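First the structure, in the form of structure tokens, and then the observations on it.
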Amino acid sequence: MTYLDWAMIALYFVFIIKVTQAFRHQATSAEGFIKGGSAMTWWMAGATAFMTQFSAWTFTGAAAKAYADGLSIMFVFWGNALGFFISALYFAKRYRRLRVATAMDVIKLRFDKSSEQTFTWLSFPITLIGAGIWLNGLGAFLSATFGISIDVTIVGISLLVTFIAVSGGVWTVSATNVIQLVLLIAITLVVGFTAAKEVLVLPVDSLSHTIMGEDIAIWQIFVLWIGAVLFSQTLNTNNALSSYRFLITRNEKEATRAATLAGVLFLFAPLLWFSPPWFVASLDINLVDSYPNLGASADNAAYLYYIDHYMPNGLLGLVMVAMLAATVSPMTTALNRNAGIVVNNIYLSLVNPQGTDRQQMLIGKMATLLTGVMACAVALFFARLEGYSLFDIMMLFTAMIQMPLSIPSFLALLNLRTPGWSGWATILVGLAVSLFMHFGFKVEWVAALFDYTLTAREHVDFKIAATFIAHLIFTGGFFMLTPWLSRAERNTQDIRQLLAMPMSQEEQSPIDHTNGIFMGRALALLGILVSLIAISADTWRDAAIFLGIGGFILLCGSGLAYKSSRLHRQAMAL
């Protein structure tokens, strides 16, 4: 790390704090703190949707998967793209037309209060586990880069995340997400492009196990794993618990455009994210020798190796900024989402239905602070967990814990005939399925049928795929059968009317385009500062890299400022 690298990281912290301070006054009410008064533009909502679907884990645990197993990692992120395109075609506008404040309000409207409370209380540990995985991904990267203790990293980033989320709720979260999205794309675009050029000219014999990767001989297991991953990502993108990303938009059209933006980004961006570890893998580098402090987890530094050895001085600091952005964004969004759930679905629903706006704001900020502290504690626990890679932890977390909640909340709007109790009852069935698949099901049972001994990777991949299939058959099947298990008919007339009724102009909050002007100018300034780093470059190639990153940020900022300024003038003329 050079002084220039440290300067880049310092600039990032100053910039994010300044943006947070500029937007913290936007949340003048509890509704503004939780969902921004439903006045978010499609590009702010789309940026948030995109940024919440990955973290520094993408460049550590997922990069390790790319390094070891080639193109197989792409199916995880193409699953996100598929999910968001399905959102754009069907789910996004339907969730927005429900006209509710939080994801748990969707659950309550579709099912009943018991289901609302079940989903509410079970969603908290899921958020905390997800945050723990994100923070550990970043901690692994920083540990390899600086030798800084993972504990120090976890505590420091938790403080920054909590500060952003507490300051102004969804406004500061969404504003910083936009800034960090542009930063992340600019940095990874240029880095990925330089690596992609190297990958494309590699000889074919250096690209062995490009598709399926190592340690897997049965292609049928690989195909099962792909199907499970695509199915899982689609479910997690479109279930009611993820609907918060569409509830903050002004109307259903904006929600659809936000989903489309996220889908397009996930279709192409991962190709650039994983070009560096693919190139490093082709060199047969022993990462354990390069990063001995990471031990068996050295593959997590595949992306870092490319930056260390093939990028100019100063870029490591910018990459660290991208890693920070990729972790801060989903965590701030998760903390804000939890605050909304605590206010709407616990405080107002169970404690004080007549709570004033000031009381709701206070409860929301206290919930944000508490969630930040608890997420930090869970991350510290994960830092001491041995025996699983970051990638395997994420996959097992999705298969075992998220699926029992995702299936009923995904099917909620696809089948309106199920009774109110079908929500919480399906969760119980799903948890039972997860417990059996984790503790009772043995992969060796299937392997024995074919007289074959599975490798370590085949064992993990098959168990993950089998768990998804079991949930699809038993958890999903139970939900669909619940109408035949109950004599009480579910009255869904209100929901059907809402879904069929486009939002009127009177229901839509006005958009303040001055926010776009401010963010555009801030990004333009940041682009100029990054471009100036080219002066310190030793070669024209190095200078071009910094000019490319800075120029992209400047172009995005200038375009955003110009477009927002024109829309602001049009709004003022009406």
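The model shown is predicted, which means the values in this text are computed figures rather than measured ones.
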Legend entry - Main-chain N/O of Trp424 paired to Ser115 side chain as donor or acceptor, under 3.5 Å: yes

Legend entry - Partners passing ring-ring contact (aromatic ring centres under 6.0 Å, His included) against Phe441 (at least two apart in sequence or in another chain): Trp445

Inset, instruction - Using the test ring-ring contact (aromatic ring centres under 6.0 Å, His included), find all partners of Phe410 that sit at least two apart in sequence or belong to another chain. - result: Phe91

Legend entry - Distance, nearest 0.5 Å, that separates NZ of Lys93 from CE of Met503: 14.0 Å

Inset, instruction - Keeping the roles fixed (side chain from Ser232, backbone from Ala228), state whether a donor-acceptor pair exists under 3.5 Å. - result: no

Legend entry - Ring geometry between Phe77 and Phe274 (parallel below 30°, tilted from 30 to 60°, perpendicular above 60°): tilted

Inset, instruction - Identify the heavy atoms of Phe111 and Pro419 that sit nearest to each other, and give their distance. - result: CD2-O, 4.1 Å

Legend entry - Criterion side-chain contact (heavy atoms from CB on, under 4.5 Å) on Ile185 and Leu265, from CA distance to verdict: CA-CA 9 Å; Ile185 290 179; Leu265 290 173; 3.7 Å; yes

Inset, instruction - Report yes or no: does Arg96 contribute a side-chain atom to a donor-acceptor pair with the main-chain N or O of Thr249 at less than 3.5 Å? - result: yes

Legend entry - Gap separating the CZ atom of Phe266 from the CG atom of Leu261, nearest 0.5 angstrom: 10.5 Å

Legend entry - Check against side-chain contact (heavy atoms from CB on, under 4.5 Å), Thr256 and Trp42: CA-CA 8 Å; Thr256 299; Trp42 64 271; over 6 Å; no

Legend entry - Leu82 side chain near Gln233 side chain, heavy-atom distance below 4.5 Å: no

Legend entry - Separation of Ile107 CD1 from Thr118 OG1 (nearest 0.5 Å): 10.0 Å

Legend entry - Nearest-0.5 Å distance, OG1 of residue Thr426 to CG of residue Leu405: 10.5 Å

Legend entry - Shortest non-hydrogen contact between Phe85 and Thr260, atoms and distance: CE2-O, 4.2 Å

Legend entry - Short side-chain to backbone donor-acceptor contact, Thr467 and Lys463, under 3.5 Å: yes

Legend entry - pair Ser72-Phe222: side-chain heavy atoms closer than 4.5 Å: yes

Legend entry - Pairwise side-chain contact, Pro408 with Phe119, heavy-atom cut-off 4.5 Å (strictly under): yes

Inset, instruction - Taking all heavy atoms of Val106 and all of Ala240, pick out the closest pair and write down the distance. - result: CG1-CB, 3.8 Å

Inset, instruction - Taking all heavy atoms of Asn239 and all of Ser409, pick out the closest pair and write down the distance. - result: CB-OG, 3.1 Å

Legend entry - Which residues share a side-chain hydrogen bond (donor to acceptor under 3.5 Å, both in side chains) with Ser422, sequence neighbours left out: Thr418

Legend entry - Audit row: Thr475, Met403, side-chain contact (heavy atoms from CB on, under 4.5 Å) steps and yes/no: CA-CA 9 Å; Thr475 310; Met403 291 300 290; over 6 Å; no

Inset, instruction - Start with the C-alpha distance between Leu498 and Asp494, add both sets of side-chain angles, then the distance that settles side-chain contact (heavy atoms from CB on, under 4.5 Å), and finish with yes or no. - result: CA-CA 6 Å; Leu498 288 172; Asp494 292 342; 5.5 Å; no

Legend entry - Under 3.5 Å: donor-acceptor pair, side chain of Arg97, backbone of Leu499: yes

Legend entry - Between CG on residue Leu348 and CD on residue Gln360, distance to nearest 0.5 Å: 4.5 Å

Inset, instruction - Would you name the heavy atoms of Gly557 and Leu523 that are closest together and state the gap between them? - result: CA-CB, 3.6 Å

Legend entry - Greater than 12 external heavy atoms within 6.0 Å of Phe436's CZ: yes

Legend entry - Under the ring-ring contact (aromatic ring centres under 6.0 Å, His included) test, residues paired with Trp78 that sit two or more places apart: Phe75

Inset, instruction - Check whether any side-chain heavy atom of Met519 lies under 4.5 Å from a side-chain heavy atom of Ser564, and answer yes or no. - result: no

Inset, instruction - Please round to the nearest 0.5 Å and tell me the distance separating atom CZ of Phe478 and atom CD1 of Ile427. - result: 11.5 Å

Inset, instruction - Would you please name every residue forming a salt bridge (Lys or Arg N to Asp or Glu O under 4.0 Å) with Arg94, sequence neighbours left out? - result: none

Legend entry - Flag side-chain contact, heavy atom, 4.5 Å: Lys113 against Leu350: yes

Inset, instruction - Report yes or no: does Ser243 contribute a side-chain atom to a donor-acceptor pair with the main-chain N or O of Ala103 at less than 3.5 Å? - result: no

Inset, instruction - Compare all side-chain heavy atoms of Ile86 with those of Thr237 and state whether any distance is below 4.5 angstrom. - result: no

Legend entry - Which atom of Ala88 lies closest to which atom of Ala259, heavy atoms considered: N-CB, 3.7 Å

Inset, instruction - Decide yes or no for Asp105 and Leu247: does some side-chain heavy atom of the first lie under 4.5 Å from some side-chain heavy atom of the second? - result: no

Inset, instruction - Measure the shortest side-chain to side-chain distance between Leu189 and Leu272 over non-hydrogen atoms and say whether it is less than 4.5 angstrom. - result: yes

Inset, instruction - Report the residues that fulfil side chain to side chain contact (heavy atoms under 4.5 Å, CB included) with Ala262, sequence neighbours left out, ordered by chain and then residue number. - result: Ala49, Phe50, Phe84

